[in-house]
Amino acid sequence: MPSIRFFWLAVPVLSTLYQVLIKLGAGHLHDEGMQAWLWQALSSPWILLAIAIEIVGFFIWMNVLAELDLSRAFPLTGISYVLIVATGWFVFGERVVALQMVGSGLILTGVWLIAGAGVETKEHQEELEPKQEELRTGTGKDR
């Protein structure tokens, strides 16, 4: 089985790819009534590919949730916001302003802090467990 870190990266990348494909598909839809619009959407290769990507992303997300606490897994999806800004600039030529760059940096910092906090807490808990066991059983050095 691939490393869980692959899944960490795959989730925001697939989410970003989904958004790009939906954007491309939406550009080819014309307002000709609901039924015609729906038929255009369901026959668009961009939108069909986006749906396939979303299904793959769902199964990968389920694997991530099986391996990680929700409080550590979900913030990783925030990386999608940063990838969307970068993709908008690279693929669609959208303008990126300084505030978006600052916000992207804050998002990445927040994801890093949240991910690190879970590891720090777990390591701290593992350090305390033997000491707590000694207190309960009375096997400390004072006996």
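Just so you know, these numbers come straight off a predicted model, no measurement behind them.
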Quiz item: Quick one: CD1 on Ile84 to NZ on Lys23, what's the gap to the nearest 0.5 Å?
Solution: 11.0 Å

Quiz item: Can you find a heavy atom in the side chain of Trp112 that is under 4.5 Å from one in the side chain of Leu108?
Solution: no

Practice problem: Measure the spacing between CZ of Phe74 and CD1 of Ile114 and express it to the nearest 0.5 Å. | Solution: 10.5 Å

Quiz item: Hey, what do you get for CG (Leu14) to CD1 (Ile53), rounding to the nearest 0.5 Å?
Solution: 5.5 Å

Self-check item: Shortest non-hydrogen contact between Ile107 and Gly78, atoms and distance
Solution: CG2-O, 3.4 Å

Quiz item: Has Trp61 got more than 12 heavy atoms of other residues, nucleotides or ligands less than 6.0 Å from its CH2?
Solution: yes

Quiz item: Of all heavy-atom pairs between His28 and Gln40, which one has the smallest distance, and what is that distance?
Solution: O-OE1, 4.0 Å

Quiz item: Any side-chain heavy atom of Phe92 within less than 4.5 Å of one from Leu24?
Solution: yes

Quiz prompt | Any Leu65 side-chain heavy atom under 4.5 Å of Leu70 side chain | solution = yes

Practice problem: Kindly indicate whether the side chain of Leu21, heavy atoms from C-beta on, has any atom under 4.5 Å from the side chain of Ile47. | Solution: no

Quiz prompt | Linked, directly or transitively: Tyr18 and Val91 (ILVMFWY side chains, under 4.5 Å) | solution = yes

Quiz item: Which atom pair, heavy atoms only, marks the closest approach of Ser80 to Pro12?
Solution: OG-CA, 3.2 Å

Quiz item: Leu99 and Val96: same hydrophobic cluster, using ILVMFWY side-chain contacts below 4.5 Å?
Solution: no

Quiz item: Has the side chain of Ser43 got a donor or acceptor atom that lies under 3.5 Å from a matching backbone atom of Trp39?
Solution: yes

Quiz item: Got a second to check how far Leu83's CG is from Gln19's CD, nearest 0.5 Å?
Solution: 11.5 Å

Exercise. Tell me, yes or no, whether the heavy-atom count around Leu42 atom CG, taken from other residues, nucleotides or ligands under 6.0 Å, exceeds 12.
Key: yes

Exercise. Determine, stepwise, if the pair Val111 / Leu76 fulfils side-chain contact (heavy atoms from CB on, under 4.5 Å).
Key: CA-CA 6 Å; Val111 168; Leu76 297 171; 3.6 Å; yes

Quiz item: At what distance, to the nearest 0.5 angstrom, does CG of Leu17 lie from CD of Glu54?
Solution: 10.5 Å

Quiz item: Are Ile51 and Phe58 connected in the hydrophobic side-chain network, where two residues link if heavy atoms are under 4.5 Å apart?
Solution: yes

Quiz item: Is the backbone N or O of Gln100 less than 3.5 Å from a side-chain atom of Ser104, with the two atoms forming a donor-acceptor pair by type?
Solution: yes

Quiz prompt | Rounded distance [0.5 Å steps], CG in Leu9 versus CD1 in Ile79 | solution = 7.5 Å

Self-check item: Closest non-hydrogen atom pair between Ser44 and Gly25, with its separation
Solution: OG-CA, 3.9 Å

